[in-house]
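Take a look at the structure below.
Below, read A as the first sequence line, B as the second, and so on, with proteins coming before strands; counting in each chain starts at 1.
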2 protein chains.
Amino acid sequence: MSKIKETSTNFANKQALSNKCLEVYSTNIIGGQWSLPICYALLSGKLRFGEIKKVLPNITERMLTLQLKKLEKNKVLTRKIYAEVPPRVEYELTSIGYELKPIIKELENWAKKHKKML
Amino acid sequence: MSKIKETSTNFANKQALSNKCLEVYSTNIIGGQWSLPICYALLSGKLRFGEIKKVLPNITERMLTLQLKKLEKNKVLTRKIYAEVPPRVEYELTSIGYELKPIIKELENWAKKHKKML
DNA sequence: GACATTACTTACATTTTTGTATGTATCCTA
DNA sequence: TAGGATACATACAAAAATGTAAGTAATGTC
């Protein structure tokens with residue numbers, strides 16, 4: 001992954017905040033540019049690597065791989081590899097992954113209100 | 001602010017995503033390490049610069065200033081300066097700022113579930 | 001035997017975010 | 001007149017996130 005420096009102040013701050021504020025705990029998992037869009041795409045069912053790429057045309061393969069790994073590590077989604085050639089890999093939200101839905105809903109809700117305000 | 005390069009691919013991607021996904025629109029505003037904790041602190045009423053600092057002991061003055069500026073620019077909070085010496089500045093959530101509450105609630109909710117899962 | 005397909009990996013470069021250290025203005029108080 | 005208090009600003013440095021370009025492995029198809 002992207003080698004986080006566990007000695008950095010930033011790392012310590014993130015840890016501390018994460019322990020103190022539950023919201024931060026969550027955003028440490030689903031933050032980042034692409035996590036939420038990926039989860040959003042998966043809300044309607046499992047998808048292959050290439051299919052996610054099509055839904056998010058601007059994402060690079062590198063970023064997609066990294067984010068999927070992180071989300072898998074945090075048990076937000078699962079990875080199923082089929083022993084085929086060419087390879088086939090399917091990604092699916094776990095139950096905790098599906099429970100991101102209310103968060104996404106509220107974020108969308110807020111965005112609408114905020115846009116209306118302008 | 002931190003001089004964003006409007007010619008970068010990253011900038012273009014953020015714009016594009018922000019337009020397509022409402023969730024991303026929101027996280028572009030309240031993302032970042034300190035935004036949510038600051039808003040959370042302000043949910044219980046207006047606070048002075050120094051008071052926010054006390055609530056978030058690890059934040060640097062620089063970061064606090066930057067985040068407050070960004071949040072003010074996005075109309076999440078307001079800044080009121082009192083012509084006193086030493087200076088007094090109060091920060092208060094706007095009505096759209098207060099409406100972040102459901103988002104924070106869902107994030108906390110999810111965090112609890114996620115922790116329980118481990 | 002060259003080529004396409006798929007889901008990656010790796011090395012490297014750029015951009016963005018965050019942190020460190022120091023300085024500033026004004027007035028009051030000791 | 002030297003500090004103290006407050007809310008910043010500024011220059012610089014480090015770390016983290018993201019992007020670019022190229023390569024890989026296995027197999028089927030032309």
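For the pair A/Asn13 and C/dG19, the criterion of a side-chain N or O lying under 4.0 Å from OP1 or OP2 is met. For B/Tyr82, no side-chain nitrogen or oxygen approaches OP1 or OP2 of C/dT26 to under 4.0 Å. Regarding contacts with the backbone of C/dA7, a side-chain N or O of A/Arg48 is found under 4.0 angstrom from either OP1 or OP2. Not one side-chain nitrogen or oxygen of B/Gln67 sits closer than 4.0 Å to the OP1 or OP2 atom of C/dT17.
Among the heavy atoms of the strands, none lies under 4.0 Å from B/Lys53. Residue contacts shown for A/Glu84 are absent, as no nucleic acid heavy atom lies under 4.0 Å away.
Atom CZ of A/Phe49 has more than 12 neighbouring heavy atoms from other residues, nucleotides or ligands inside a 6.0 Å radius. At most 12 heavy atoms of other shown residues, nucleotides or ligands fall within 6.0 angstrom of atom NZ in A/Lys112.
Of the candidate nucleotides D/dA9, C/dT6, D/dC8, D/dC8 has the atom nearest to the side chain of B/Phe49. Taking every side-chain heavy atom of A/Gln33 into account, D/dT18 is the closest of D/dA7, C/dT15, D/dT18. Considering only side-chain atoms of A/Thr65, the nucleotide from D/dA7, C/dT9, C/dA7 that sits closest is C/dT9. In this structure, the nucleotide among C/dT18, D/dG19, D/dT6 sitting nearest to the side chain of B/Asn10 is D/dG19. Comparing D/dT18, C/dT18, D/dA7 by their nearest atom to the side chain of B/Trp34 picks out C/dT18. Closest to the side chain of A/Pro86, out of C/dA7, D/dA5, C/dT5, is C/dT5.
Nearer the 5' end of DNA chain C, as judged by each residue's closest nucleotide, is the contact made by A/Tyr91, out of A/Tyr91 and B/Thr7. Taking the nucleotide of DNA chain D with the nearest heavy atom to each of A/Glu6 and A/Ile59, the more 5' of the two is matched to A/Glu6. Both A/Thr9 and A/Glu61 lie close to DNA chain D; mapped to their nearest nucleotides by heavy-atom distance, the more 5′-ward contact belongs to A/Thr9.
For B/Lys14 and D/dT18, the NZ to P distance is 7 Å, given to the nearest whole Å. Per the geometry, CG belonging to B/Leu66 stands 9 Å off P belonging to C/dT18, to the nearest Å. Remark: P of C/dT15 and CD of B/Gln15 are 16 Å apart, rounded to the nearest angstrom. At whole-Å resolution of the value, CD1 in B/Ile4 and P in D/dT18 are 13 Å apart. Residue A/Lys69 contributes atom NZ, which lies 15 Å from atom P of C/dA7 at whole-angstrom precision. Taking atom CD on B/Glu72 and atom C1' on D/dA7, their separation rounds to 14 Å, with Å as the unit. Summarising the geometry, the separation between CG on B/Leu36 and C1' on C/dT17 is reported as 16 Å, rounded to the nearest angstrom. Regarding A/Leu64, its CG atom lies at a distance of 14 Å from the C1' atom of C/dT9, rounded to whole Å.
Taking each heavy atom of A/Pro37 and B/Val24 in turn, the nearest pair found is CG-CG2, 3.7 Å.
One can find a donor-acceptor pair under 3.5 Å joining the base of C/dT18 and the side-chain atoms of B/Arg62.
In this structure, B/Lys80 does not pair ionically with B/Glu92, as no charged nitrogen and carboxylate oxygen lie closer than 4.0 Å. Here B/Glu99 pairs with A/Lys113 in a salt bridge; the nearest charged N to carboxylate O distance falls below 4.0 Å.
With rounding to the nearest 0.5 Å, the separation of OG in B/Ser26 from CD1 in A/Ile103 is 12.5 Å. Separation of atoms CG (B/Leu93) and OH (B/Tyr98) is listed at 5.0 Å; rounding is to 0.5 Å.
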Show each protein N/O and nucleotides 28-30 of chain D N/O combination with a separation under 3.5 Å, one pair to a line.
none

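A side-chain donor-acceptor contact under 3.5 Å links A/Tyr82 and A/Glu90.
Figure legend: B/Lys5 and B/Phe11 shown without cation-pi pairing, the cationic atom not lying both under 6.0 angstrom from the six-membered ring centre and within 45 degrees of its axis.
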